[in-house]
Amino acid sequence: MNLPNGFLYPLLLFIQLPFCSSISTITSAHPVADGGVLVSQGETFALGFFSPRNSGRRYVGVWYNKVSEQTVVWVANRDDPLNDTSGVLSINGAGNLIIQSNASSTPVWSTNILAPLTNNSDSVVAHLSDTGNLVLIRQSTQETVWQGFDYPTQTMMPFMKLGLDRKTGLKRLLTSWRSPDDPGFGSCTCRIDPTGIPQFFLYKGSTRWWRGGPWNGVRWSGVPEMGNNDGFFKVTYVEDRDEIYVMDSILNASIFFRMVLDESGYIRRSIWHETNQRWVEIWSAPKDRCDNYGRCGVYSYCDPNQNLNEECKCLPGFEPKSPQDWYLRDGSQGCKRKRADLMCRNGEGFVKLERVKVPDTSVARVNMSLNAETCKDECLRNCSCVAYTSADIRGGGRGCLTWHGDLVDTKLYASDGQDLYIRVDSIELAKARKSSNSIKGTKRTLVIVTGPTLLVGFLLIIFYLCKRRPNIRGHWGKQSHRRMLLFNLATTHKDYPEEDGHDVGERNVDLPFFNLRDIKSATNNFSDKLGEGGFGEVYKGHLSSGQEIAVKRLSKCSGQGVEEFRNEVLLIARLQHRNLVKVLGCCIDGEETMLIYEYMPNKSLDSFIFDHTRKALLDWKKRYEIIIGIARGILYLHQDSRLRIIHRDLKASNILLDGEMNPKISDFGLARIFGRHQTQANTNRVVGTFGYMSPEYALDGLFSMKSDIFSFGVLLLEIISGKKNFTSYNDDPLSNLVKHTWDLWSEDRALEIVDCSMGNSWKELEVLRCIQVGLLCVQGDAVDRPTMSTVVFMLSNEVAIPSPKQPAFVVEGTMTSTCSKNEMTITMIGPR
């Protein structure tokens with residue numbers, strides 16, 4: 001079984017031999033053989049030999065002794081496993097811990113730090129502490145001569161230091177495992193970089209992947225969540241002449257707390273929940289696309305709360321280095337001064353950018369004797385100083401942190417963060433002072449392009465495409481139809497209703513266009529196929545920046561796919577929500593029509609809940625989070641976005657899962673925009689998926705927000721049960737999941753639908769509430785179904801919920817799909 005990247009790792013499963021002994025100390029006379037276990041005094045941790053995931057390779061490691069899911073936190077012989085169970089961990093004559101097998105006198109691993117002992121009385125012993133630290137102690141002086149905490153593996157434990165010993169040069173850093181079944185040194189590391197002002201970094205190989213930022217007196221600047229620990233732990237940061245380190249201290253010895261760097265490059269802090277017997281994640285990083293180091297280039301900042309195509313913004317007083325690339329949403333080259341010749345002259349000053357992760361401090365300096373006002377004056381006097389902020393945010397701020405080089409990797413937060421003061425010239429400062437609204441962190445640098453200019457640009461693109469393909473000029477068939485999408489996407493679409501007095505279609509689509517050559521290169525000529533749907537095939541690829549993408553390629557024989565493509569572009573380019581899939585751009589070239597999305601490593605929800613092997617990876621907590629996430633995404637479409645969107649094809653395969661298993665609603669090809677005061681529409685072309693269609697839509701072509709509510713109700717029941725709606729029960733061909741659930745609910749046996757693969761992770765009242773909400777959503781009469789805002793409220797709060805009425809059951813259907821037509825037959829029973 002393959003675990004998806006970043007999911008439930010490292011809750012590792014092991015085959016362990018029944019141990020024959022349990023000791024508390026290793027001496028030269030009492031080693032630990034394979035099968036024996038060293039247990040800490042308080043029985044919190046255990047040390048012994050283990051084999052990860054049935055690999056057969058034997059390692060010496062430390063794991064939690066009282067945690068039901070055996071979780072290794074430290075490994076000795078990471079790159080040198082034994083291939084049999086003859087291993088022994090012992091202390092040799094030189095006083096070193098060694099691992100060797102009976103078949104060889106040569107150790108596969110050794111502490112290798114002590115000079116030979118001078119006499120027999122000067123012996124050493126190994127002791128496993130209740131913090132999980134394996135220590136080697138010289139008995140005559142009780143001196144610790146070696147400790148495992150100086151050589152962390154993938155897990156940072158409370159009271160373990162992560163940092164640099166300036167006196168000895170010892171670097172304490174986390175290194176990921178190679179894979180869940182191989183604890184060898186992986187490619188990901190996280191450590192403190194002492195250059196300039198020390199910062200916390202995550203590397204993939206030698207590449208900076210994520211920056212936690214400098215210590216600001218409370219937390220790493222790039223980890224706002226560290227300030228919210230609910231009293232579970234305390235974080236200590238020390239920086240002096242001897243060492244730099246960060247250390248966690250747990251405030252309750254009965255709580256198990258850890259930070260793990262997994263093999264996919266995620267840092268995760270979690271606490272063991274004793275009642276539910278699982279690890280509860282507190283925070284993780286990287287969290288979003290703006291966490292990618294230097295994503296937007298120099299002198300810019302990244303705002304993850306904006307549309308994917310608008311996330312990069314120039315800092316106040318700066319403009320894009322390459323306006324053309326910036327317009328095409330490539331911010332990698334960053335920004336430059338608007339008027340560099342006016343810098344370091346009278347009249348210049350600072351503009352405040354609020355709630356940010358401060359830029360890379362490798363080129364920064366600190367002076368703790370200055371306050372905010374004197375820091376401003378000091379920076380203004382030094383022409384090389386480009387920005388400043390408080391070095392310590394406690395008590396309103398103290399100390400002076402200044403930058404003397406390029407500002408890189410600044411990120412905007414919706415809350416928390418620090419205030420950063422950017423040096424600007426007199427003209428920019430005057431603009432800021434005259435503005436009725438002072439520049440805030442959410443202020444965007446706007447590239448204003450008039451409608452006629454944009455239209456001319458699209459026409460030039462069309463002309464370019466026609467010039468490249470002279471052999472098909474004048475042919476107004478499918479190829480030209482696809483090519484004309486470039487024009488259609490920029491012109492008025494009267495088939496969309498008005499919103500707030502303006503025709504929605506009159507708004508130009510702001511979406512980058514990729515050329516076919518780059519997409520072929522990114523996908524290795526479409527060699528890595530992820531899946532296939534009604535639109536066409538989906539391929540995995542990598543942009544030149546290293547970003548993973550999913551390319552949705554319109555089938556060449558699909559006539560209706562062109563309209564669905566246009567529909568999706570028109571909608572998704574205007575929508576931005578954490579539970580909606582994000583589009584990076586599109587490609588239209590001759591016969592090729594493609595949409596480019598961010599790659600979702602865990603693919604779609606149906607690949608988990610309907611897979612007998614993988615469904616066990618989704619416990620109730622994660623399924624409940626997925627349900628809430630989908631509900632909030634639909635609420636955004638129905639109520640909170642600037643457009644009112646009816647999706648019309650909500651189903652498990654259209655819910656994608658990111659690296660953290662967050663749900664993302666996808667596939668807006670069948671979606672429709674409603675006016676603010678519109679409640680219902682009618683169509684002669686009923687499209688969608690059996691099992692998820694509401695009865696009024698399937699039979700009469702009527703669709704509304706309540707149609708999506710019905711689909712959500714079916715999806716909710718599928719997530720709880722792990723079964724498709726068209727699963728038959730009790731050998732009844734007219735039965736399905738909705739009818740089966742209703743029958744059980746009527747007999748007070750609704751919990752029988754719960755997916756047994758979740759074990760005991762689910763809470764009875766929480767699951768019952770979800771089942772009841774699901775049945776309310778699939779009621780036969782659309783008027784009886786709740787709105788999505790009510791659904792979200794009922795799911796999130798312990799409130800009284802009305803009793804559901806009998807649902808509608810779509811129990812029989814056939815659909816055949818070709819490139820030219822769809823046929824559908826539905827039989828309904830139950831209320832109409």
Side-chain angles (χ1 to χ4, degrees), residues 161-167 169 171-173 189-203 207-224 226-227 235-247 267 285 291 293-294 298-302 315 350 352-372 374-413 416-423:
K161 294 179 179 179
L162 208 63
L164 171 67
D165 189 321
R166 296 184 193 267
K167 294 186 297 183
K171 297 178 181 178
R172 304 182 182 98
L173 67 157
T189 59
C190 62
R191 59 182 182 269
I192 294 178
D193 186 334
T195 306
I197 307 304
Q199 303 175 92
F200 191 55
F201 271 102
L202 169 62
Y203 289 80
T207 302
R208 287 179 170 179
W209 189 251
W210 169 77
R211 184 178 63 92
W215 187 259
N216 62 17
V218 177
R219 51 177 170 77
W220 299 116
S221 174
V223 192
M226 286 183 67
V235 183
T236 302
Y237 176 77
V238 173
E239 180 185 350
D240 55 32
R241 292 188 305 171
D242 295 333
E243 55 185 342
I244 305 170
Y245 70 84
V246 64
M247 181 178 71
I267 303 171
D291 277 336
Y293 178 80
V298 299
Y299 298 114
S300 66
Y301 65 93
C302 189
L315 293 173
F350 298 90
K352 181 170 70 172
L353 191 65
E354 298 178 334
R355 305 187 311 275
V356 301
K357 175 174 76 172
V358 300
D360 190 335
T361 55
S362 300
V363 293
R365 305 172 189 171
V366 67
N367 186 336
M368 294 304 299
S369 65
L370 302 180
N371 59 30
T374 55
C375 182
K376 172 183 175 181
D377 295 338
E378 182 70 19
C379 186
L380 202 57
R381 282 193 294 267
N382 189 332
C383 287
S384 71
C385 182
V386 293
Y388 77 90
T389 190
S390 298
D392 191 326
I393 65 174
R394 290 175 293 182
R398 58 180 177 173
C400 179
L401 184 60
T402 57
W403 279 262
H404 301 265
D406 291 344
L407 302 182
V408 182
D409 196 46
T410 308
K411 176 184 176 180
L412 191 70
Y413 294 115
D416 297 314
Q418 294 178 233
D419 293 339
L420 179 68
Y421 296 86
I422 312 296
R423 188 175 195 145

(Q) If you apply the rule side-chain contact (heavy atoms from CB on, under 4.5 Å), what do you find for Arg394 with Val218, and how did you get there? (A) CA-CA 7 Å; Arg394 290 175 293 182; Val218 177; 3.5 Å; yes
Q: Could you tell me whether the SG atom of Cys400 lies less than 2.5 angstrom from the SG atom of Cys379?
A: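 No, no disulfide: SG-SG not under 2.5 Å.
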If you measure from [atom1] on [X] to [atom2] on [Y], what distance do you get to the nearest 0.5 Å?
X: Leu202; Y: Arg191; atom1: CG; atom2: CZ; answer: 9.5 Å
X: Ile267; Y: Trp210; atom1: CD1; atom2: CH2; answer: 4.5 Å
X: Glu239; Y: Ile197; atom1: CD; atom2: CD1; answer: 7.0 Å
X: Lys171; Y: Thr189; atom1: NZ; atom2: OG1; answer: 10.5 Å
X: Ser390; Y: Asp419; atom1: OG; atom2: CG; answer: 8.0 Å

Looking only at non-hydrogen atoms, find the nearest pair between [X] and [Y] and report the distance.
X: Tyr388; Y: Cys375; value: CD1-SG, 3.5 Å
X: Ala364; Y: Leu401; value: CB-CD1, 4.0 Å
X: Pro198; Y: Ile244; value: CG-CD1, 3.9 Å
X: Leu315; Y: Ser300; value: CG-N, 3.8 Å

Please tell me if the side chains of [X] and [Y] come closer than 4.5 Å, counting only heavy atoms from C-beta onward.
X: Arg219; Y: Val235; result: no
X: Leu162; Y: Phe200; result: yes
X: Asp291; Y: Lys411; result: yes
X: Asp165; Y: Tyr245; result: no
X: Val356; Y: Tyr301; result: no

Without swapping roles, check the side chain of [X] against the backbone of [Y] for a donor-acceptor pair under 3.5 Å.
X: Ser221; Y: Val358; value: yes
X: Arg241; Y: Arg166; value: no
X: Arg355; Y: Gly417; value: no
X: Arg423; Y: Leu380; value: yes

Tell me every residue that passes salt bridge (Lys or Arg N to Asp or Glu O under 4.0 Å) with [X], counting only those two or more places apart in sequence or in another chain.
X: Lys357; result: Asp409
X: Lys376; result: none
X: Arg208; result: Asp193, Asp360
X: Arg381; result: Glu378

Q: Test side chain to side chain donor-acceptor pair (under 3.5 Å) on Asp377 and Thr374 and set out the steps.
A: CA-CA 5 Å; Asp377 295 338; Thr374 55; over 6 Å; no
**Q.** Contacts of Cys190 that satisfy disulfide bond (SG atoms under 2.5 Å apart) - sequence neighbours left out
**A.**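 Result, disulfide bond (SG atoms under 2.5 Å apart) vs Cys190: none returned.
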In chain order, what residues pass the side-chain hydrogen bond (donor to acceptor under 3.5 Å, both in side chains) check against [X], with sequence neighbours excluded?
X: Asn382; value: Ser384
X: Thr361; value: Gln199
X: Arg365; value: none
X: Asn216; value: Gln418

(Q) Which residues pass the ring pair (Phe, Tyr, Trp, His ring centres under 6.0 Å) test with Trp215, not counting sequence neighbours? (A)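 Ring pair (Phe, Tyr, Trp, His ring centres under 6.0 Å) check on Trp215 returns Trp220, Tyr237.
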(Q) Holding to ring pair (Phe, Tyr, Trp, His ring centres under 6.0 Å), I want the full list of residues that pass it with Tyr299, two or more places apart in sequence or in another chain. (A)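 Ring pair (Phe, Tyr, Trp, His ring centres under 6.0 Å) list for Tyr299, sorted by chain: Phe318.
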Q: With sequence neighbours left out, write down each residue that passes side-chain contact (heavy atoms from CB on, under 4.5 Å) with Val298, or none if nothing qualifies.
A: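 Val298: side-chain contact (heavy atoms from CB on, under 4.5 Å) contacts with Lys321, Asp406, Val408.
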